[in-house]
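Remarks on the structure that follows.
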Amino acid sequence: MADEQTLIEERRRKLAALRERGEAFPNDFRRDALAGELQAAYGDRDAQALERSPVRVRVAGRILAKRVMGRVSFLQLQDMSGRIQVLVQRDALGDEAYQAFKKGWDVGDIVGVEGVLIRTRTGELTVRAERLRLLTKALRPLPEKWHGLQDQEQRYRMRYVDLIVNPEVRRAFLTRTRVIAHIRRFLDERGFVEVETPMMQPIPGGATARPFVTHHNALDMDLYLRIAPELYLKRLVVGGFEKVYEINRNFRNEGLSSRHNPEFTMLEFYWAYADYRDLMDLTEEMLRGLAQEVLGSTVVRYQGRGYELGRPFRRVRLLDAVLERNPGLGAGDLRDPARARRAAEAAGIAVEPGWGPGKIQLELFEKTVEETLLEPTFVTHFPTEVSPLARRCADDPFYTDRFELFVAGREIANGFSELNDYEDQAERFREQARARAAGDDEAMYYDADFIRALEYGMPPTAGEGIGIDRLVMFLTDSPSIRDVILFPHMRPEREAAGGGRRSAGGGDGAD
RNA sequence: GGGCCGUUAGCUCAGCUGGUAGAGCAGCGGACUUUUAAUCCGUCGGUCCCAGGUUCGAGUCCUGGACGGCCCA
């Protein structure tokens, strides 16, 4: 009587008894209180005070624990706000109702309770039930009460179970929601306008990445799931949306890892009459306020280490950061194509044919510097060669007015003064198109409509993208991006019939 | 794509050098009117991820595969 099918059969039997009494899936119970709010409002009221002025409540939620002690029982009830205990007494409900509860109700069932607040002998705030309703009978048993669900695969595949039994998971996702809400408020307060631009694009632009392809039947044309919204948001700046942002999904057809999911959430915002330095200031302010709001402190604990967001972030040029970590190199070694190639090869980098000194500087940076940048650091002056949408530095066109923000060794944000010189932009697109023709399938396409938009004139503008998932990982102390994406991508499960161990769908059609 | 690790009851986990597969929780039966990992007595429950192989004998050893985790590209 304890393999999965038997456990389910046992509950089906209980459900059948409910159906016979005509009360299997009622939808007329209305609650007027939430567990967490009751804890907050009455948590400090003592037993006598609760007795003197009784508080009647109707709560509903899932049974997480059931402790039967003869003619009295205790339930632990969980709703979206938290948990509260329920006291169930035979003498209050009558013998028939109490027996039905005792024999027919299980951990995992969803119930409604009407009663009064009391404090038990051991001091716990409790709803003493006067009426009990079983609202939804659960067929499947919940995981073990103490350890919860540990198996990573099952936690991701059956997130609904993970959320029921692992409170820290629920907390992380609520934090994610608060992060996004805070960012919206932050930008709204500063006059930014939120928009939505195409997810399906005829030309995938705005980043270097492999896209997903789909097909529009009526138009008989391929469309690409966007890898970035950038080129559309800049069209809007041309159109007069001088402060604009979008928080939404990007799709990149690349590998999965603890830092990559094929679909991920990005904030992009564009700010006319500002430059990349203004962006860095704004980013610091945003992240500082965010930590304060979400964590109550500007110190973030991540994977055992503390990070201080309260102080100004370090700012360092990419070349200087590379030279710091590679003491054998001099500035001149990384500007000349042949010398840069030799330097990279000496550092163990397999230099590909099309790479110029700018790409090599970036590779050296990623290989030798990136993961060492623990404290929040703005790395500035990315080479023009690897920044096809960024404005060149006024004093040195080899570099751009661009930065990336690194925290805990990971890229969190990428921003730059936008390239609004349509002639330069057209030339950069042609350069990308040449690289693509030469076999670089991550290189950008030439986007003629975007050039046309720029030719109408885009004001001097700064724009930035912030990876929301990685930011939330940092703020929730999550080691994997899958811990902050509700339903991360997984390989399909094997069919239950195929003999695989995991058979989440195994009960389907059993009746 | 490569390397390492994992997969045993619904869940969390033991299982030594190859010799009859275990515990706790959950379930079921019983006791119990203030417990909170309730307690106590009794009890059911296994395609040891899959397929081959070695062996008198495989959860355990070998080969291949599936899925997952970590690291690398």
Side-chain angles (χ1 to χ4, degrees), chain A residues 1-14 35 39 47 50-51 63-78 83-93 95 98-99 101-109 115 118-129 138-158 161-162 164-166 254-260 303 348-350 352 363 366-367 371 409 479-483 488-507 510:
Chain A
M1 185 156 300
D3 68 284
E4 186 173 24
Q5 274 315 309
T6 319
L7 292 172
I8 289 174
E9 281 312 313
E10 184 65 43
R11 290 181 177 218
R12 254 186 230 286
R13 196 178 53 73
K14 294 170 177 175
Q39 300 284 8
L50 287 169
E51 214 170 309
I63 299 176
L64 284 193
K66 182 186 177 197
R67 296 183 284 272
V68 178
M69 328 190 47
R71 273 159 274 185
V72 61
S73 300
F74 292 91
L75 300 179
Q76 199 63 234
L77 205 69
Q78 173 170 277
R83 297 176 180 180
I84 194 161
Q85 181 170 262
V86 176
L87 171 62
V88 184
Q89 295 159 297
R90 186 198 64 171
D91 293 348
L93 293 187
D95 196 51
Y98 189 74
Q99 283 304 314
F101 154 80
K102 201 169 135 185
K103 305 309 288 181
W105 295 27
D106 292 296
V107 169
D109 291 351
I118 60 162
R119 197 165 285 283
T120 61
R121 203 177 284 169
T122 53
E124 175 147 356
L125 189 67
T126 299
V127 180
R128 190 180 65 216
L139 274 190
R140 295 173 184 272
L142 288 181
E144 208 235 9
K145 61 185 170 191
W146 191 240
H147 300 94
L149 189 62
Q150 296 296 323
D151 185 289
Q152 290 287 3
E153 184 174 352
Q154 297 214 66
R155 291 182 50 207
Y156 298 145
R157 288 197 196 280
M158 298 196 284
V161 179
D162 196 24
I164 292 169
V165 298
N166 293 332
E254 291 165 359
L256 287 75
S257 80
S258 58
R259 290 183 295 282
H260 299 86
Q303 301 295 291
I349 292 172
E352 291 178 20
E363 288 289 324
E366 288 179 351
K367 195 114 178 179
E371 67 181 16
S480 171
I481 196 170
R482 297 192 183 99
D483 298 323
H489 282 280
M490 308 275 284
R491 286 178 199 274
E493 282 180 279
R494 260 196 292 180
E495 291 299 314
R501 170 166 169 257
R502 304 301 178 205
S503 54

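No hydrogens, no waters, no symmetry mates; every other heavy atom, side chains included, goes into these values.
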Have a look at [X] and say if it touches a base, only the backbone sugar-phosphate, or nothing, with a 4.0 Å heavy-atom cut-off.
{"X": "A/Val107", "result": "nothing"}
{"X": "A/Gly255", "result": "nothing"}
{"X": "A/Gln150", "result": "sugar-phosphate"}
{"X": "A/Leu149", "result": "sugar-phosphate"}
{"X": "A/Arg155", "result": "nothing"}

We want to know whether A/Arg157 and A/Gln152 form a side-chain donor-acceptor pair, criterion being a heavy-atom distance below 3.5 angstrom.
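Per modelled atom types, A/Arg157 and A/Gln152 side chains form no pair under 3.5 Å.
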For A/Arg83 and A/Gln76, test the side chains for any donor-to-acceptor distance below 3.5 angstrom and give the result as yes or no.
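Distance-only check fails for A/Arg83 and A/Gln76.
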Residue pair A/Asn166 / A/Gly148: nearest heavy atoms and the distance that separates them:
OD1-CA, 3.7 Å
Determine the interatomic distance between [atom1] on [N] and the same-named atom on [M]; round to the nearest Å.
{"N": "B/rU60", "M": "B/rC71", "atom1": "P", "result": "29 Å"}
{"N": "B/rC25", "M": "B/rC40", "atom1": "P", "result": "8 Å"}
{"N": "B/rA26", "M": "B/rA66", "atom1": "C1'", "result": "29 Å"}
{"N": "B/rC44", "M": "B/rC16", "atom1": "C1'", "result": "30 Å"}
{"N": "B/rG6", "M": "B/rG53", "atom1": "P", "result": "25 Å"}
{"N": "B/rG45", "M": "B/rC70", "atom1": "P", "result": "38 Å"}
{"N": "B/rG46", "M": "B/rC41", "atom1": "C1'", "result": "26 Å"}
{"N": "B/rG65", "M": "B/rG19", "atom1": "C1'", "result": "29 Å"}

Examine [N]: is either OP1 or OP2 under 4.0 Å from a nitrogen or oxygen in the side chain of [X]? Give yes or no.
{"X": "A/Arg121", "N": "B/rU33", "answer": "no"}
{"X": "A/Lys103", "N": "B/rG30", "answer": "yes"}
{"X": "A/Ser258", "N": "B/rC71", "answer": "yes"}
{"X": "A/Lys66", "N": "B/rA37", "answer": "no"}
{"X": "A/Arg67", "N": "B/rA37", "answer": "no"}
{"X": "A/Gln154", "N": "B/rC11", "answer": "yes"}

Between A/Glu144 and A/Val72, which residue's closest nucleotide on RNA chain B lies nearer the 5′ terminus?
A/Glu144
Position toward the 5' end of RNA chain B (nearest nucleotide), A/Asp106 or A/Gly123:
A/Asp106
Counting only side-chain heavy atoms from C-beta out, which of [options] sits nearest to [X]?
{"X": "A/Leu7", "options": "B/rA38, B/rA26, B/rC67", "answer": "B/rA26"}
{"X": "A/Val68", "options": "B/rC32, B/rU33, B/rG27", "answer": "B/rC32"}
{"X": "A/Lys145", "options": "B/rU34, B/rG69, B/rA37", "answer": "B/rA37"}
{"X": "A/Pro141", "options": "B/rG24, B/rC28, B/rG10", "answer": "B/rG10"}
{"X": "A/Phe74", "options": "B/rG45, B/rU35, B/rG68", "answer": "B/rU35"}
{"X": "A/Gln152", "options": "B/rG69, B/rA38, B/rC28", "answer": "B/rG69"}

Just how far, in rounded Å, is [atom2] of [N] from [atom1] of [X]?
{"X": "A/Ile8", "N": "B/rC11", "atom1": "CD1", "atom2": "C1'", "value": "13 Å"}
{"X": "A/Glu124", "N": "B/rU35", "atom1": "CD", "atom2": "C1'", "value": "9 Å"}
{"X": "A/Arg491", "N": "B/rG69", "atom1": "CZ", "atom2": "C1'", "value": "13 Å"}
{"X": "A/Arg128", "N": "B/rU35", "atom1": "CZ", "atom2": "C1'", "value": "16 Å"}
{"X": "A/Gln85", "N": "B/rA38", "atom1": "CD", "atom2": "P", "value": "10 Å"}

If we call it a pair only when both distances are under 3.5 Å in a Watson-Crick or G-U wobble match, what pairs with [N]?
{"N": "B/rC28", "answer": "B/rG42"}
{"N": "B/rU35", "answer": "none"}
{"N": "B/rA51", "answer": "B/rU63"}
{"N": "B/rC4", "answer": "B/rG69"}

Taking A/Tyr156 as the fixed residue, which of A/Asp162, A/Asp151, A/Asp483 is the one that meets the side-chain hydrogen bond (donor to acceptor under 3.5 Å, both in side chains) rule?
A/Asp483
